[in-house]
There are 2 protein chains.
Amino acid sequence: MKDADNILRLGDCLPVLNKFERGSVDLFYIDPPFFTQKVHALTTRDGGTRYSFRDLWASTEAYGDFLIDRLSECHRCLKETGSLFFHCDDTAGHLARLILDRVFGPENFQAEIIWSFRRWSNSKKGLMPSHQTILFYSRSGAFKFHTLTTAYSESTNLDQILQKRVRDERGKAIYARDDSGEPVTNGAKRGVPLGDVWEIPYLNPKAKERVGYPTQKPVLLLERIIQLCTDPQDLVADPFCGSGTTLVAAHLLGRRAIGIDTSEDALKLAAQRLAAPVRTESRLLERGRQSYVREDLDLLECLKGIGYHPVHRNKGIDAILMEEWHGKPVCIRIQRPDETIEDAAIALCNAAERKGGAKLILVVMEHQWGLLGRANVPASVTLVHSTTAAIRHSLSEVLGLRLVAGQ
Amino acid sequence: MKDADNILRLGDCLPVLNKFERGSVDLFYIDPPFFTQKVHALTTRDGGTRYSFRDLWASTEAYGDFLIDRLSECHRCLKETGSLFFHCDDTAGHLARLILDRVFGPENFQAEIIWSFRRWSNSKKGLMPSHQTILFYSRSGAFKFHTLTTAYSESTNLDQILQKRVRDERGKAIYARDDSGEPVTNGAKRGVPLGDVWEIPYLNPKAKERVGYPTQKPVLLLERIIQLCTDPQDLVADPFCGSGTTLVAAHLLGRRAIGIDTSEDALKLAAQRLAAPVRTESRLLERGRQSYVREDLDLLECLKGIGYHPVHRNKGIDAILMEEWHGKPVCIRIQRPDETIEDAAIALCNAAERKGGAKLILVVMEHQWGLLGRANVPASVTLVHSTTAAIRHSLSEVLGLRLVAGQ
DNA sequence: ACGGGAACTGAATCGGAAC
DNA sequence: AGTTCCGATTCAGTTCCCG
């Protein structure tokens with residue numbers, strides 16, 4: 001690991017892998033061209049460098065032959081306990097699957113992992129592509145595997161999960177009981193074993209870890225793969241390493257890594273990244289989607305039955321209607337219980353100041369509707385009468401309860 | 001549609017489809033039997049070490065032949081504007097993909113849809129399978145397609161997205177400003193176009209729609225497929241219809257449907273389901289398509305935001321709160337539009353008579369709230385004021401729009 | 001018709017300016 | 001200082017048009 005030349009190798013991976021010892025690698029991550037029949041190019045953010053690679057092929061057969069040669073070599077280099085992850089999309093994933101079944105044997109197919117993400121959209125007729133596929137094969141049945149866990153679903157019956165299970169005399173799993181017949185709990189719950197659909201945000205336009213190399217993958221995706229199938233000090237190899245995401249992830253997790261690529265520019269980039277590895281600290285990942293949801297959005301209950309989008313990132317505007325009004329968006333605010341009509345109107349106006357003539361609607365709470373005559377509200381704001389939350393309030397008062405959020 | 005014999009056909013679909021007219025079907029949903037034995041390794045023509053793609057077709061085995069024959073027949077029956085959805089899992093999906101590419105042409109491959117779901121964990125070494133794949137092929141480029149939309153991501157800055165963009169002198173996209181430097185907005189948005197990863201709960205073991213037939217799919221999954229690619233009155237065909245989920249979904253959406261199956265038992269089950277179609281009420285997923293809900297369920301809309309359980313089998317009680325009140329359940333009734341406050345209160349009291357001191361709440365409609373002074377209501381019933389649909393009415397009037405059904 | 005390049009799209013993130 | 005919120009940036013993007 002001292003030497004960049006030892007980590008990064010320039011050239012086609014086939015001859016490079018050929019010199020590797022049999023059974024020397026713990027994990028291969030393969031991210032080859034996907035058979036898109038396009039040249040992929042991207043300019044760095046500072047406009048300095050333009051990186052590109054060609055994904056153009058004479059035929060399906062040519063592509064298949066290219067893969068089978070290199071995958072066979074990977075197979076040879078893998079330890080008995082090793083695994084290979086093959087990244088592809090739906091253009092040629094089925095061909096890769098056939099080839100890998102042939103090289104590794106169908107019995108060593110372990111999973112078809114779906115990496116799903118949300119991305120900026122386009123106007124395609126059809127469904128927006130929002131996943132890629134990672135095929136997971138092991139070298140043998142004795143492959144190394146660490147079960148990772150995720151959070152429980154909200155609907156899971158946790159107290160049942162907490163119960164300890166044992167095997168009865170016939171070897172069947174049953175819930176454990178103590179001497180008095182009471183269920184025995186299990187201590188900490190670790191979570192649900194990781195499934196084969198992984199929702200990981202796509203490397204987004206503003207991410208710090210973005211280096212301007214086309215088709216760059218999130219470090220988090222590679223970290224997950226590496227954690228699943230290797231231990232610290234194990235050797236990870238990426239024969240199509242590009243800008244070196246795999247190497248960065250391996251480095252961050254204390255694994256050894258080798259990257260191979262035909263592009264000298266890509267390897268330079270990879271060397272730079274290894275010198276100062278960056279992983280995006282994404283708020284979305286750290287705190288979850290829920291952290292964006294505004295608590296006071298339950299005010300919007302009163303809009304139910306109307307087509308609207310909740311607005312999470314603006315304090316003045318609560319919702320925008322799906323319908324437009326004379327070509328303008330319709331912005332809605334619901335008056336807060338502790339807020340005067342004027343204050344609500346001002347908040348709405350301020351938020352919409354730069355929205356260029358949107359239609360502004362303020363929903364006024366019933367108990368303040370009587371004050372309307374005295375309200376000093378900008379002319380641009382249209383007031384609408386509501387008695388929404390009324391029922392919720394009434395119920396809370398009548399019952400003396402803080403009502404739980406429902407449904 | 002009058003006649004079950006016309007909807008349900010017994011037998012292998014090959015001869016049955018053979019009698020269909022060319023170009024008579026708008027949509028095929030194919031959910032073939034998964035062969036229990038593994039797909040055999042594919043052999044090369046010369047039996048040698050060299051791999052070639054052409055060999056894949058020289059070695060097609062029985063499963064492939066079975067599929068090719070039937071898919072070719074489907075292809076013949078499809079309208080030019082028609083589409084076919086092929087349901088598979090990761091054991092044979094790649095083979096199906098090859099066959100479909102061959103029968104429909106690779107240019108008519110539209111999407112690899114991932115149906116993802118959470119499932120009860122098993123203790124297998126490896127990743128828990130939690131998706132299946134649906135391959136979407138069209139008969140031609142002129143296929144019928146309705147874009148469905150989903151909610152925006154919580155992290156989306158919605159109000160910004162409303163702004164129009166133009167190009168500056170260097171051809172770079174920037175936000176448009178009017179003469180006074182104010183941003184120009186773009187009209188309203190209907191939502192994000194549906195992607196190719198669909199998270200739909202697996203039919204849970206207690207779902208009402210479950211009829212005990214293996215591999216039964218959720219009605220919602222089929223409804224989505226049918227809505228994407230057909231109009232009302234179009235013809236949907238399912239050559240492996242099993243217990244008839246596709247037919248039920250088509251029926252619920254006003255499409256014509258034909259189901260074929262080799263099992264007489266399956267067809268009997270399908271006939272029963274068609275006579276009384278049931279869709280599991282998953283409130284989480286039902287949002288958005290509430291065009292014709294039962295009126296008494298509609299009443300409960302005003303309770304949204306409060307944790308409650310709808311009560312289905314009791315004429316007097318509409319819902320029970322999740323929260324209890326001094327150890328007693330809280331029973332709620334919503335006053336019907338054509339019902340006096342007194343009648344509603346009596347219905348509620350009668351229903352709760354044997355509930356042992358439950359807290360009784362009657363939600364009174366706004367237009368009757370004024371009559372409250374004169375109401376002669378049992379002391380055990382607490383009255384709560386509601387004004388549901390009021391805001392919707394106001395908005396419609398202010399904007400002069402017929403508002404679309406929302407969320 | 002078909003391939004290739006130019007023109008255009010639009011939602012989802014994060015960075016950082018503005019409070 | 002911490003939080004809110006604006007808007008820049010991106011395209012294993014797509015469409016369109018022309019030779």
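Convention: sequence-line order gives letters A, B, ...; per-chain numbering from 1. Because the structure is predicted, anything quoted here is derived from the model rather than measured.
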Within the structure shown, what part of the strands sits under 4.0 Å from [X] by heavy-atom distance: base, sugar-phosphate, or nothing?
X: A:Asp90; answer: nothing
X: A:Pro218; answer: nothing
X: A:Ser121; answer: base

Subject >> Between D:dG13 and D:dT9 - C1' atom distance, rounded Å >> reply: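 These two C1' atoms come out 14 Å apart once rounded.
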Original post:
How far does the C1' atom of C:dC14 sit from the matching atom of D:dA12, given to the nearest Å?
Top reply: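 My reading of the C1' atoms in C:dC14 and D:dA12 gives 22 Å.
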Original post:
Do B:Asp196 and B:Trp198 meet the criterion of a side-chain donor-acceptor pair at a distance under 3.5 Å?
Top reply: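 The criterion, which ignores hydrogens and geometry beyond distance, is not satisfied for B:Trp198 and B:Asp196.
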Gap between atoms [atom1] and [atom2], on [X] and [N] respectively (whole Å):
X: A:Tyr51; N: D:dT10; atom1: OH; atom2: P; result: 14 Å
X: A:Trp57; N: C:dG3; atom1: CH2; atom2: P; result: 19 Å
X: A:Glu209; N: C:dG15; atom1: CD; atom2: P; result: 10 Å
X: A:Arg54; N: D:dA12; atom1: CZ; atom2: P; result: 18 Å
X: A:Asn314; N: C:dA18; atom1: CG; atom2: C1'; result: 14 Å
X: A:Lys206; N: C:dA11; atom1: NZ; atom2: P; result: 18 Å
X: A:His40; N: D:dT14; atom1: NE2; atom2: P; result: 11 Å
X: A:Ile134; N: D:dA12; atom1: CD1; atom2: P; result: 16 Å

Original post:
Less than 5.5 Å between centroids and less than 30° between ring planes, does A:Phe34 satisfy that with D:dA12?
Top reply: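 Yes.
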**OP:** Name the pairing partner of C:dG5, where a pair is Watson-Crick or G-U wobble with both distances under 3.5 Å, or state none.
**Re:**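 Matched C:dG5 with D:dC16 under the 3.5 Å cut-off.
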Subject >> Base paired to D:dA1 (Watson-Crick or G-U; both N/O distances under 3.5 angstrom) >> reply: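 When the pairing criteria are applied, nothing turns out to pair with D:dA1, so the answer is none.
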Original post:
Toward the 5' end of DNA chain D, which comes first, A:Pro205 or A:His87, by nearest nucleotide?
Top reply: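 On the 5' side of the pair lies A:Pro205.
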Subject >> Most 5' of A:Lys125 and A:Pro33 on DNA chain D, judged by nearest nucleotide >> reply: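 The residue whose closest nucleotide sits nearer the 5' end is A:Pro33.
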Subject >> Axial cation check for B:Phe143 ring with A:Lys125, 6.0 Å and 45° limits >> reply: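 That pair qualifies as a cation-pi contact.
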Distance check: side-chain N/O of [X] vs OP1/OP2 of [N], anything under 4.0 Å?
X: A:Tyr202; N: C:dA11; answer: no
X: A:Arg119; N: C:dA12; answer: no
X: A:Lys38; N: D:dG13; answer: yes
X: A:Thr36; N: D:dA12; answer: no

**OP:** Apply the test side-chain hydrogen bond (donor to acceptor under 3.5 Å, both in side chains) to residues A:Tyr213 and A:Asp265: give CA-CA distance (whole Å), side-chain angles for both, the deciding distance (0.1 Å), then the verdict.
**Re:** CA-CA 10 Å; A:Tyr213 196 80; A:Asp265 287 341; over 6 Å; no
What's the closest nucleotide to the side chain of [X] if the choices are [options]?
X: A:Asn204; options: C:dC14, D:dT4, D:dT10; answer: C:dC14
X: A:Thr215; options: C:dA11, D:dA12, D:dG13; answer: D:dA12
X: A:Pro129; options: C:dA11, C:dG15, D:dT14; answer: D:dT14
X: A:Lys124; options: C:dA11, C:dA12, D:dT14; answer: D:dT14
X: B:Ser155; options: D:dA12, D:dC5, C:dA12; answer: C:dA12

**OP:** Run the salt-bridge test on B:Glu80 and B:Lys144 with the 4.0 Å N-O cut-off and return the result as yes or no.
**Re:**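 No, no charged N to carboxylate O under 4.0 Å.
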Original post:
Applying the side chain to side chain donor-acceptor pair (under 3.5 Å) test to A:Thr245, which of A:Lys217, A:Gln216, A:Arg273 qualifies?
Top reply: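 When A:Lys217, A:Gln216, A:Arg273 are each tested with A:Thr245, the side chain to side chain donor-acceptor pair (under 3.5 Å) holds only for A:Arg273.
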Atom pairs and distances, donor-acceptor, side-chain atoms in residues 88-95 of chain A, under 3.5 Å, two or more places apart:
from	atom 1	to	atom 2	distance (Å)
A:Asp89	OD1	A:Thr91	N	3.0
A:Asp89	OD1	A:Thr91	OG1	2.6
A:Thr91	OG1	A:Phe34	O	3.0
A:His94	ND1	B:Arg97	NH1	3.4

Original post:
Which residue, B:Ser153 or A:Lys208, contacts DNA chain C at a nucleotide closer to its 5' end, judged by nearest heavy atom?
Top reply: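 Nearer the 5' end of the strand: B:Ser153.
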Original post:
Do A:Thr246 and A:Phe28 come close enough that some side-chain heavy atom pair is under 4.5 Å?
Top reply: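 Contact flag for A:Thr246/A:Phe28 side chains = no.
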